[in-house]
Amino acid sequence: MAKHLDKFTRPFQNSTIPFALAEVLTNGRGEMVDVVCRFLNPAAAELLQIPAKEVQGRRLSQLGLTASLEALSPLQTVAFSGSSASFPCETAGGQALSVTCYQVMYGVVGCLLDPGGKAPGGGPPLPETVPAAVLELGRGGLRCSACNRGFCRLTGHSQKTLLRQGADTFSALVLPEDWPALLQSLLDAAREGRNGDQDFRLLQGDGSAVWVNLQAELLSSRQGTAVFRGLFTDVDRLRRQEAALRTSLTRQETARRQAEALLDHLPVGFCLLRLRPDGGLETLRVNQALCQLLELPPELLAARLAEDPGGFVPADQREELLAAAVRARECQLPFHRICRVDSGAGPERTLSVHVVWEAQPDGSYLLSVTCSDVSQEAAADREYHIRAQLCDLLLEHTSLLTLDYDPRADLAQVQRYSPGGRRTSRTISGYLKSLSTAPALHPEDRRRLASAIRRALTRPGTISCSYRADYEGTGWRQYQVSWMSLFDEHGDVCRLLGKAEDVTSRQAAAEHFRQLAARHRRQAKSVLASARLDLTANQTLDAKAASRYLLRTLFDRTADACLRRMAAAVPESEAQRQFAALFSPEALGAAFSAGSFQFSLDHPVAAGKSGTLRARTVAEIAENPDTLHLEVFFQLQDRRERDLQAALLEGLIQRPGTAVLTADAATGRCRGWGPAAERLREDTTCRSLAAWYFRQLPPSRERAALRRAVSLEAMLARLETAPAVELTLPAPDGSALRLRCARLEGVADTLLITAGPL
């Protein structure tokens, strides 16, 4: 067959005229059942968009183009009659062709292809610059009847595979989740006689899916079949960017809502203000805590802040406060001040105000203002200041006496320096004899002082003793006198030089130091951590903590390292800065020199597994009378105990006549408050208390059920699903009792139990 056909194909081997040879196969009754491509020159292959090697010698049915046999029916007449014919045809890519055919051999037809002509469907051809396909929507579903190379590249399938697969169903190329929407969109377009527009995910040859946009142009709709010319645009990157943008917007919106919720639940007052370039002020945000502090509704508070934020400050402080705020803004520094605030709707409060300025590109400023109520701390500071002043008044300056005694003449030259610096001198003859009757000396110490002088005369060297005297007429004070012997050329004592110093304050300070050290040792077991630091020698003398974590985290061998570690354990930056500024070695030394001996600061502290605790660091400075070194006693106190006592006190006030107990949820150990504190022993537990209660009741069937109901395990199990447990119990006298158990808010693993008459 190939040899016979060479003479017909040779002229068209390199011709620019599209030429093909087709052999018509029949079923024996003269009916065409298939067509075999015997030759396809390069011009025809390019026009049909089909590689010649893939189709040459193959049937249309093998290529999945069985539906094209009807359009090629004129080939049957030409192949077996010898006559020629021309007919229109459409390529798989939608290109309209005019086919001129003539018989070459019996059953073999030569075809000249002309790209001009009208497509059988009456629609325009498929473009070559964008992925396109002809889609037929009928009762059998959606099928692809033609496509171009761009669509093949988009899907990753060959044209043969697409037409065979598309002839079956187009849904195999669509992600199952997107298929219903695509089908419904085309059905609506066919029913309404309009074009379709739908995004869906197209399955590629490697199994991946890409987002495409289908612009379906309705070409015809007849006999229940709608024909669309579909243009496919790859919108995968845009859809993914849109999804990422949507996710980012959702995340930002969630973060915004969380930030607003956080601001509303902050334990301190907060407001956000904007200072415009023209000097006007806008209130952007106020939280609930600030409204509660000033006892004003949010709308009224926002309006007053925008009108005049200094209107809450008393007039005598307003001008100085605003001037300091302006200076802080010009220096671009945070502004912190403790001031009195009066909103007019509630009592006057003392607030700690912290302002941070943030410059904006348009010349405006954002002001972040936080406020916390420090009224109690301010009152405590005032009380401490008053006490410090009282201590200064009680501690007098040291008075001093110098003595020059001549034992041979029994003559003494005495010079006395008063606390105010005034000096008086006098000469006393018969000094040693006059000591026994001197009115300025305490009667019990006169003989002892005279004996010390005689001993200094007989035993050369330096001799010291203490005695009581009243030189100013202000009462007995303690003096320490030291004598030094001078010798003549014979080795005899010829002169005694003495110095007597008022050591009343020193002894009081020594006694205070001993009491402070003893109190520090006693309280070491009841606080989170305690330390005794020698600032002069830069040593850690003693350190204890309630946990190994705190002991390892807070303390070191040197005082400087201890203070740095204490500051590093404070998690909040502002509180850490305050701690470092207050408790640095330089600040403590300067404060002691200025007469300040006690310091305290409330701050959070990282406590390992216990999380972050609210604590108070208390420091007391004293001079060691033995070493004359400056020592500081630190205690880290847990503020939860104070919160517990406040909550219990409130419970006692609200429930007169009701027994109030607290119980440890882990051990069941109980502690009584108010009148109940005097009746409970230290080793009382929930189990022993329940046993005592049931011994007071007469035997009954209900007693076993009540015993199970009031057990600690039952209470804890019910508290997992309910905020409180309330039980009605019989009293020994026949009346009824109401028992209520709830977790104590703000104190971990602690139960608040109240029992009282119904």
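Hydrogens, waters and symmetry mates play no part in the numbers below; they use all other heavy atoms, side chains included. Remember, predicted model here, so these are calculated numbers, not experimental data.
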Problem set entry | CD (Gln241) with more than 12 external heavy atoms under 6.0 Å | yes
Exercise. What salt bridge (Lys or Arg N to Asp or Glu O under 4.0 Å) pairs are there with at least one residue in residues 101-113, not counting sequence neighbours?
Worked result: none
Exercise. When you look at CG of Asn14, are more than 12 heavy atoms from neighbouring residues, nucleotides or ligands closer to it than 6.0 Å?
Worked result: no
Problem set entry | Heavy-atom side-chain proximity of Arg743 to Leu716 below 4.5 angstrom | yes
For this session: Indicate the ring-plane relationship of Phe80 and Tyr106, choosing parallel, tilted or perpendicular according to the 30° and 60° boundaries.
Result: perpendicular
Problem set entry | Distance (rounded to the nearest 0.5 Å) between Gln13 CD and Phe39 CZ | 4.0 Å
Exercise. Is the backbone of Pro131 close enough, under 3.5 Å, to the side chain of Asn148 for a donor and an acceptor to pair up by distance?
Worked result: no
Seminar exercise, completed: To the nearest 0.5 Å, atom CG of Asp114 lies from atom SG of Cys89 at 12.5 Å
Problem set entry | Donor-acceptor contact present, side-chain Ser208 to main-chain Gln204, <3.5 Å | no
Exercise. Would a distance-only check, ignoring hydrogens and angles, find a side-chain to backbone donor-acceptor pair under 3.5 Å from Gln576 to Val570?
Worked result: yes
For this session: Determine yes or no for a side-chain-to-main-chain donor-acceptor pair under 3.5 angstrom, with Thr250 supplying the side chain and Arg246 the backbone.
Result: yes
Exercise. Salt-bridged, Arg304 to Glu307, with N to O below 4.0 Å?
Worked result: no
Exercise. Within the side chain of Gln360, is there an N or O that forms a donor-acceptor pair under 3.5 Å with the backbone of Glu358?
Worked result: yes
Exercise. In Å, rounded to the nearest 0.5 Å, how long is the span from NE2 of His354 to OG1 of Thr370?
Worked result: 6.0 Å
Problem set entry | Rounded distance (nearest 0.5 Å) linking atom OH of Tyr365 with atom CG of Leu275 | 8.0 Å
For this session: Could you pull out the closest heavy-atom pair between Val78 and Ser84, with the gap in Å?
Result: CG2-C, 4.1 Å
Seminar exercise, completed: Value for CZ (Phe200) from CG (Asp178), rounded to nearest 0.5 Å, stands at 8.5 Å
Exercise. Does Ile17 offer a backbone N or O that forms a donor-acceptor pair with the side chain of Asn41 under 3.5 Å?
Worked result: yes
Problem set entry | Leu183 side, atom CG; Leu137 side, atom CG - distance, nearest 0.5 Å | 6.5 Å
Exercise. Are Arg191 and Asp188 ion-paired here, with the side-chain N under 4.0 Å from a carboxylate O?
Worked result: yes
Problem set entry | Which atom of Ala714 lies closest to which atom of Arg708, heavy atoms considered | CB-O, 3.3 Å
